[in-house]
Structures are given as structure tokens and as C-alpha cells.
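In what follows, a structure is listed as C-alpha cells, so that the remarks can point back to it.
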Amino acid sequence: MPSQESEPLYGGRRPGRVTVRDIAAAKTRGEKWPMLTAYDALTAGIFDEAGIPVLLVGDSAGNVVFGYDTTIPVTIDDLIPLTAAVVRGTKRSMVVADLPFGSYQASPAAALQASVRFMKEAGAHAVKLEGGMRVAHHVEELVGAGIPVMGHLGLTPQSVHAFGGFRVQGRGEAGDRLLHDAKALEAAGAFAVVLEGIPSPLGARITEALHVPTIGIGAGPDCDAQVLVWQDMAGLSPRSPKFAKRYADIAAVLRTAASEFAADVASGAFPTEEYSYR
């Protein structure tokens, strides 16, 4: 059986869940790996079978599941059943739960309370929160309690109103502050850091400076890993950001299937004897 250090993170077949040790070993090997969002058991199971090592139950569910314009309205109670479904639908992928807006900002104690709910009620294997220095103590508290933490810097969607919209972050001197924040998250014990919507050279700079892996989403090709919202990746979202490559056109497939079903029902062609009981 392959050792933990030699088993590839993407597509590995060693029994058991991917762990933070596996992710650290991939950084040491220089292995690049994929991460996708997931919000239900069926699609999570497909991604798990495809070898995706980490699945994020993102507060992006606010946009792609609940139909909000931003992630801000999403609550813990919204995300816990989605997280539990993803955990039940998978066997190998590490499942990371997003801490939604308002659930952790008040204090490290609030962050711990929210994270414990995700771990106990949903079976999450790690949590993700947004921010740098201002949440470093939160990260320390969670890691000290035995909860793996993924950080998130750059274009952090929960701060969309403070940013004045979805704008690229980290240009000029702001890049130095982001690097400082990334190092603070690492020092606090974060096992990985998502970098969203920042210039590609800054993504490379932060990746080189950290011992923990960076996960890019609109942060250039030099990050250790890449994540996309699966509906953007598969062409289900009506609009996708610049950084989201579409690998399929699921919207067209579903539209065609629905139209053919409707036409068959209207014409009496469905159901036939083949789809009926006697």
C-alpha cells in the first residue's frame, strides 16, 4: 500500500479520507491538486469518484443553491444539512465547511461555537473562514481545539460591500498586506489558504513564501491548488467570473432533456408500456 508521503492527493486510492497530513505532503512533493465546491450527496459522490481530494461546502450556496445575490444571507442552519449531505455522499474527499458571515467575526469563542456545530452535526472534516490578521486568534482557538482551519484571503465575498463590489484585490502595497495576512494565518495554524481574485504575480509570491499550500481561485497558475464553484466549472451558472473555465455545458444538456421530456408528455409518447406497471 502506498505510504502517506507517496500517495498522490489527486486520484489516490489509499483507503480512508484525505487528511491535513496528506495535503501537507502534497505541498512538499510539489503536487498540484484540484478542489471543487459541492452542496449535495449526488454531485459530491461523482466528484469523489473522480478523485477530487477536497470538497468545499461553500457559502457560495447562497448564490447557486438559494438564489441570493451575495453570500451574506447564508446561515449556519442553511449550510449544516448541505455539509452533512456531502459527507454522506463521499468516501475519500476531505469535506470543508464554510463558516458563514456573522457566525465567527464577533470573537474566537463564536468561531469555536460555529465550528463545533459543523463538526458534530454535519461531520465536517475542517472549516474555512475569511480574513487575515483580524482572525488569527480565531484560527489559533480552533486549531487548539482540534479543528483544522482553511484560511481565505483576497477577494473575500463576505466583505463585498466593504470592497465596493467584486474587485481584484492586492494591487500595489495592498499585496504586501495580503502576504503579511497569509503568513499570520500560517503562523496561527491554518493548514491551507485560499487566494481569491488577486494578481497572478502576487499569488506566486505568497505561494513561494508559505509552507502550507495555497488554493487559487482567480489567483494565477502558481498556486499549489485550484478551486472552482462546480456550477461555474460545469456550465450550469448563467454567468461565470473571468477565472472560471467551463469544462461542460450542463445547462444545455438539462434544457434539452427537459424539452424532450415535455414534448413526449404533450404528444403522448411518454410513458410507454416499457415505463408502466401491469
Side-chain angles (χ1 to χ4, degrees), residues 5 8-10 18 20-37 52-54 56 58 60 71 94 96 98-99 126-140 142-143 148-160 162-229 232-233 240-245:
E5 288 71 25
L9 196 56
Y10 165 62
V18 169
V20 293
R21 290 184 63 192
D22 298 319
I23 290 173
K27 172 84 172 185
T28 300
R29 291 192 303 269
E31 177 188 348
K32 291 184 179 290
W33 48 275
M35 181 167 89
L36 285 172
T37 63
I52 305 298
V54 182
L56 171 66
S60 48
T71 64
M94 171 191 283
V96 180
D98 243 339
L99 298 185
V127 298
K128 181 176 76 65
L129 49 71
E130 297 181 2
M133 278 292 297
R134 64 184 176 83
V135 298
H137 291 308
H138 301 55
V139 175
E140 290 176 350
L142 298 182
V143 173
V149 179
M150 178 180 289
H152 187 158
L153 294 171
L155 201 173
T156 45
Q158 292 176 12
S159 301
V160 60
F163 292 153
F166 293 96
R167 301 173 183 275
V168 174
Q169 302 296 306
R171 297 193 189 278
E173 294 181 359
D176 293 332
R177 292 194 292 272
L178 275 181
L179 175 58
H180 182 68
D181 280 338
K183 290 181 176 179
L185 291 175
E186 179 180 65
F191 73 91
V193 179
V194 173
L195 301 175
E196 180 171 356
I198 66 174
S200 180
L202 179 59
R205 183 182 170 198
I206 295 175
T207 300
E208 184 177 4
L210 297 187
H211 298 290
V212 299
T214 59
I215 303 165
I217 177 167
D222 294 306
C223 295
D224 298 297
Q226 299 290 333
V227 61
L228 287 176
V229 172
D232 292 341
M233 177 274 299
S240 298
K242 175 183 178 179
F243 53 72
K245 179 178 178 179

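- Applying the side-chain contact (heavy atoms from CB on, under 4.5 Å) criterion to Ala26, with sequence neighbours excluded, gives Leu9, Arg29, Glu31, Trp33.
- At distances below 3.5 Å, at least one donor-acceptor pair connects side-chain atoms of Lys27 with backbone N or O atoms of Leu210.
- Nearest heavy-atom pair across Thr156 and Gly131 is CG2-N, 4.4 Å.
- The salt bridge (charged side-chain N to carboxylate O under 4.0 Å, His left out) analysis of residues 200-212, with sequence neighbours excluded, yields the pairs Asp176-Arg205.
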Pair up each side-chain donor or acceptor in residues 181-189 with any protein partner under 3.5 Å, not counting sequence neighbours, and list the distances.
{"unit_1": "Asp181", "atom_1": "OD1", "unit_2": "Met133", "atom_2": "N", "d": "3.0"}
{"unit_1": "Glu186", "atom_1": "OE2", "unit_2": "His211", "atom_2": "N", "d": "2.5"}
{"unit_1": "Glu186", "atom_1": "OE2", "unit_2": "Val212", "atom_2": "N", "d": "3.0"}

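- Looking only at side-chain heavy atoms (C-beta outward), Leu129 and Leu142 come within less than 4.5 Å of each other.
- Applying the side-chain contact (heavy atoms from CB on, under 4.5 Å) test to Ser200 and every residue at least two apart in sequence or in another chain returns Pro221.
- In this structure, Gln226 and Lys245 have side chains that are not in contact, with every pair of non-hydrogen atoms separated by 4.5 Å or more.
- In this structure, CG on Asp98 lies 5.0 Å from CG on Leu56, to the nearest 0.5 angstrom.
- With sequence neighbours left out, Pro34 forms a side-chain contact (heavy atoms from CB on, under 4.5 Å) with Tyr10, Ile52, Pro53.
- Remark: Glu140 pairs with no residue by the salt bridge (Lys or Arg N to Asp or Glu O under 4.0 Å) rule, at least two apart or across chains.
- Between Met94 and Ile23, the closest side-chain pair of non-hydrogen atoms falls below 4.5 Å.
- For the residue pair Leu195 and Cys223, the shortest heavy atom distance occurs at CD1-SG, 4.2 Å.
- Applying the side-chain hydrogen bond (donor to acceptor under 3.5 Å, both in side chains) rule to Thr71 yields no partners; only residues at least two apart in sequence or on another chain are considered.
- Looking only at side-chain heavy atoms (C-beta outward), Leu155 and Ile198 stay at 4.5 Å or farther from each other.
- In this structure, Ala126 and Phe191 approach most closely via the heavy-atom pair CB-CE2, 3.8 Å.
- Closest heavy-atom contact between Thr37 and Val229: OG1-CA, 3.3 Å.
- Contacts of Asp222 classified as side-chain contact (heavy atoms from CB on, under 4.5 Å), with partners at least two apart in sequence or in another chain: Ala204.
- Pairing each heavy atom of Ala244 with each of Asp232, the nearest pair is CB-CB, 3.8 Å.
- His152 pairs by the side-chain hydrogen bond (donor to acceptor under 3.5 Å, both in side chains) definition with Lys128, Glu196, not counting sequence neighbours.
- When all heavy atoms of Val96 and Val127 are compared, the pair lying nearest together is CG1-C, 3.8 Å.
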